[in-house]
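A short worksheet on the structure shown next.
Just so you know, these numbers come straight off a predicted model, no measurement behind them. We name chains A, B, ... by the order of the sequence lines, and we start the count at 1 in each one.
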Amino acid sequence: MRILQLHCDYIEFTPVKREIKSAEEIDPQSKRFEEVLVAFIAVEEGDNSDVAKKAMVEISDSMKKIGCNKLLLYPYAHLSSKLASPSTALLLLKEMETQVKNLEIYRAPFGWTKSYKIQVKGHPLAENSKTITASEDKESTSDALKAESKIQSFWHIMTPDGKMHDVGKFDFSRHDNLEVLAKYESVKQRSVNESPPHVKLMKKLAIADYEPASDAGNMRFFPNGRLMKSLIERYVTDKVMEYGGLEVETPIMYDSHHPSMESYFNRFPARQYSINSEGKQLFLRFAACFGQFLMAKDFQMSYKNLPVKLYELTRYSFRREQSGELVGLRRLRAFTMPDCHAFCKDMTQAKEEFRKRFDLSTEVINGLGLDESDYEMAIRFTEDFYNENKSLIEELVKNIGKPVLVEMWKERFFYFVLKWEFNYVDGLGKASALSTDQIDVENGERYNIEFIDENNKPQNPIILHNSPSGAIERVIYALLEKAAKDQTEGRKPMLPLWLSPTQVRVIPVKPEFLEYCNTLTDEISRSDVRADVDDRNESVGKSIRDAETEWIRYIIVIGEKEVSANTLSIRDRKTGSVRNLTIDELVKEIKEETKDKPFMRLNTNRSLSTRPQIMV
RNA sequence: GCCAAUGUAGCUCAGCCUGGCUAGAGCAUCUGCCUUGUAAGCAGAAGGGCGGGGGUCCAAAUCCCCCCAUUGGCUCCA
């Protein structure tokens, strides 16, 4: 939309004749306005209601500045060469006319050739031109995002004994990572000037890479990475279903003008991707919340059914994070996130459920290969909630067994009253949230989700939002960063055995032992172990080196001795030593270490000689 | 989104400041030879509009401008 704005002593115009068929039906009389701001307007292709709204905000702002209260909207096609259709233009002009209440607004007729006389004032602000486009709207910023910066937070450290300490006075000497997190969050202190090690590792281990043909923050996952993701996804899903989550699937895009969407959107501080399709403005989901809420709204629920727990593993959730913020697998624009909502009948039930999910989350995060020393907890709540529910908060902190970062808000700004996360703190001092849970007191009503209580009255549930692991990609980031940290501190970098793309590599000393190797690999694979064969005609030293650089845990070398004996000579990367074990003993050891974890077969050719190499 | 740095063969990187032979190396790949015992056996070959697009110049990987991507900082992070 293009606007030429003139502050006038007067304007006089007379409609002469209809210019287009769809011209407005009017009485073609001359009109005169005095002490008026005339806005000549060309509505362009792609303009929409938001543009109209924005235009009126800008116009009324400048009217305030020049102290003028009378506005004439004057359709003026000649300001642009890419005009919108007359019907759209008229529609938007009419919208503009009715948008602002405390102004005297008039509109010149649309579609008529008009003669006019005008006297423009001579002050510096009298003339002004504006171009307003919809494009900036593509990354619609929610009110929450805009207002977030205004929230006032109070930072503390809570120790397992339930005591609150001023964050500035707390002795962090035995809690390095917590100090990093606290500074990271409260003072926003950053101290890095190198690139994160996991980026190199994700390429070297052929897990994932950037995809320049997509938008930034959208990764490609190679067979190894896809396998790891599948396993983690399976594991988290199994755990949530064990807890009682009902797995569902919901759409990845939504109409941004759906009433419950619009207001939720404005309560969620994130930037969206949006898509125009057949006149609808769709946005890509940034979480599974609305899909599940819209679904739950159509459930008929009694208090006896609650809590109802819905779960979805979103592939993907989309957030249009600022480009400068995207880093490897740490922060993406498209990511896979498990999201489980529990609909609870009251705060008592919500708190009870909240505890269960806290346990679920610690179990999941530990099962993924991260222990208590790898993450720091942050807990955030409103002052009111804290005063009424001290014991719950103290209990969580006691459970985690070490001091946690506390953020307290004077007033409730978000839709939740309590939220905690586990943050992975990497070797470069960056903190990233993994698991999280929230107590939401707002969306039950917003989405009109109802259950019938003991007194036969409809009620809105309290909703818990839990991601027991955080984004799957971020879990891989954390595992790789942990491995990198191990490496710099002199330990061998490893992946958890159940996530290793290859668990066992079999290497023949000479090609004549290949057949034996294949038979052996068959046998090991039958017990659900991922084993492969290095059938390239390379020296043993070279083959071992390659297996080591791929972080393969067990390396079996097959030669004369092994073919004639009963035991295998197995190099264990964890200890670096060679052991003699039977097949059964090896399989048993692997099974023991990967028990309760999902299994998937090798996601690559078994023979190394037939594999493409992924060099990134 | 803003500021800065980086972008050369599949990968890791020289070369750029001070413009000029046919743009180099190691690894990987291919072809031979070797027949291997716990972290790299030997030799040869092939492989590159120097991130993309403009410009300056007799001449641009090299100097200038714009764009893209990555990384760092800022901002932001349910």
**Asked** Of all residues at least two apart in sequence or in a different chain, which pass the ring pair (Phe, Tyr, Trp, His ring centres under 6.0 Å) check with A:Phe343?
**Response** none
**Request:** Return the set of residues passing ring pair (Phe, Tyr, Trp, His ring centres under 6.0 Å) with A:Tyr386 (not counting sequence neighbours), or none when no residue passes.
**Result:** A:Phe381
Whole-angstrom distance between [N] and [M], as gauged at atom [atom1]:
N: B:rU38; M: B:rC17; atom1: C1'; answer: 48 Å
N: B:rA23; M: B:rA69; atom1: C1'; answer: 24 Å
N: B:rC13; M: B:rA9; atom1: P; answer: 11 Å
N: B:rU22; M: B:rC50; atom1: C1'; answer: 15 Å
N: B:rG55; M: B:rA14; atom1: P; answer: 30 Å
N: B:rC11; M: B:rC76; atom1: C1'; answer: 34 Å
N: B:rA4; M: B:rC64; atom1: P; answer: 14 Å
N: B:rC21; M: B:rC66; atom1: P; answer: 29 Å

[X] side chain to [Y] side chain, donor-acceptor N/O pair below 3.5 angstrom:
X: A:Thr604; Y: A:Arg611; value: yes
X: A:Tyr554; Y: A:Glu589; value: yes
X: A:Trp409; Y: A:Glu407; value: yes
X: A:Thr610; Y: A:Ser607; value: no
X: A:Lys229; Y: A:Thr336; value: yes
X: A:Tyr415; Y: A:Gln438; value: yes

Using atom [atom1] of [X] as one end and atom [atom2] of [N] as the other, report the distance to the nearest whole Å.
X: A:Leu608; N: B:rU29; atom1: CG; atom2: C1'; value: 15 Å
X: A:Arg536; N: B:rC33; atom1: CZ; atom2: P; value: 19 Å
X: A:Lys510; N: B:rG37; atom1: NZ; atom2: C1'; value: 10 Å
X: A:Asp426; N: B:rG72; atom1: CG; atom2: C1'; value: 14 Å
X: A:Ile552; N: B:rA39; atom1: CD1; atom2: C1'; value: 13 Å
X: A:Lys492; N: B:rU38; atom1: NZ; atom2: C1'; value: 11 Å
X: A:Leu332; N: B:rU71; atom1: CG; atom2: C1'; value: 15 Å
X: A:Met202; N: B:rU71; atom1: CE; atom2: P; value: 7 Å

So, is [X] close to the [N] phosphate, meaning a side-chain N or O under 4.0 Å from OP1 or OP2?
X: A:Lys542; N: B:rA28; result: yes
X: A:Gln613; N: B:rU29; result: yes
X: A:Ser195; N: B:rG72; result: no
X: A:Arg571; N: B:rA39; result: yes

Considering every strand and a 4.0 Å limit on heavy-atom distances, what is the contact class for [X]: base, sugar-phosphate, or nothing?
X: A:Glu548; answer: base
X: A:Pro511; answer: base
X: A:Val557; answer: base
X: A:Gln438; answer: sugar-phosphate
X: A:Ile555; answer: nothing
X: A:Gly328; answer: sugar-phosphate
X: A:Glu562; answer: base

Below 3.5 Å between N/O atoms, which protein atoms pair up with nucleotides 47-49 of chain B? Just atom names and distances, please.
none

**Message:** Quick check: any donor-acceptor pair below 3.5 Å linking the side-chain of A:Glu325 to the base of B:rG73?
**Reply:**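 No pair found.
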**Prompt:** What about A:Arg573, does its side chain sit under 3.5 Å from the base of B:rA39 through a donor-acceptor pair?
**Reply:** no
**Message:** Near RNA chain B, counting only heavy atoms under 4.0 Å, which residues of residues 209-227 of chain A show up?
**Reply:** A:Tyr210, A:Ala216
Where do N or O atoms of nucleotides 4-14 of chain B meet protein N or O atoms at under 3.5 Å, pair by pair?
residue	atom	partner	partner atom	Å
B:rG10	O2'	A:Met615	O	2.9

**Asked** Under a 90° cut-off about 0 for the syn range, is B:rG48 syn or anti?
**Response**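 Anti, which is what one calls it when the glycosidic angle falls more than 90° from 0.
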Less than 4.0 angstrom from a charged side-chain N to a carboxylate O is my criterion; do [X] and [Y] meet it?
X: A:Asp486; Y: A:Lys492; answer: no
X: A:Glu481; Y: A:Lys485; answer: no
X: A:Arg412; Y: A:Asp384; answer: no
X: A:Glu560; Y: A:Lys510; answer: no
X: A:Glu548; Y: A:Arg545; answer: no
X: A:Asp437; Y: A:Arg357; answer: yes
X: A:Glu185; Y: A:Arg380; answer: yes

**Item:** Earlier contact from the 5' end, RNA chain B, for A:Gly541 and A:Glu512
**Value:**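 By nearest-heavy-atom nucleotide position, the 5'-most residue is A:Glu512.
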**Request:** Map A:Ser539 and A:Phe513 onto RNA chain B by nearest heavy atom, then report which one ends up closer to the 5' terminus.
**Result:**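 By nearest-heavy-atom nucleotide position, the 5'-most residue is A:Phe513.
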**Asked** The side chain of A:Thr549 lies closest to which of these nucleotides: B:rU71, B:rG73, B:rA39?
**Response**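 Nearest to the side-chain atoms of A:Thr549, counting from C-beta on, is B:rA39.
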**Fill in**
Rounded to the nearest 0.5 angstrom, the OH-CG distance for A:Tyr447 and A:Leu294 is 5.5 Å
**Asked** For RNA chain B, what is the dot-bracket line, given that a base pair needs Watson-Crick (N1 to N3, plus N6-O4 or O6-N4) or G-U wobble (N1-O2 and O6-N3) geometry with both distances under 3.5 Å, and | means paired with another strand?
**Response** (((((((..((((......[...)))).(((((.......))))).....(((((..]....))))))))))))....
**Prompt:** Does A:Lys410 make a cation-pi contact with A:Phe154 (under 6.0 Å, within 45 degrees of the axis)?
**Reply:** yes
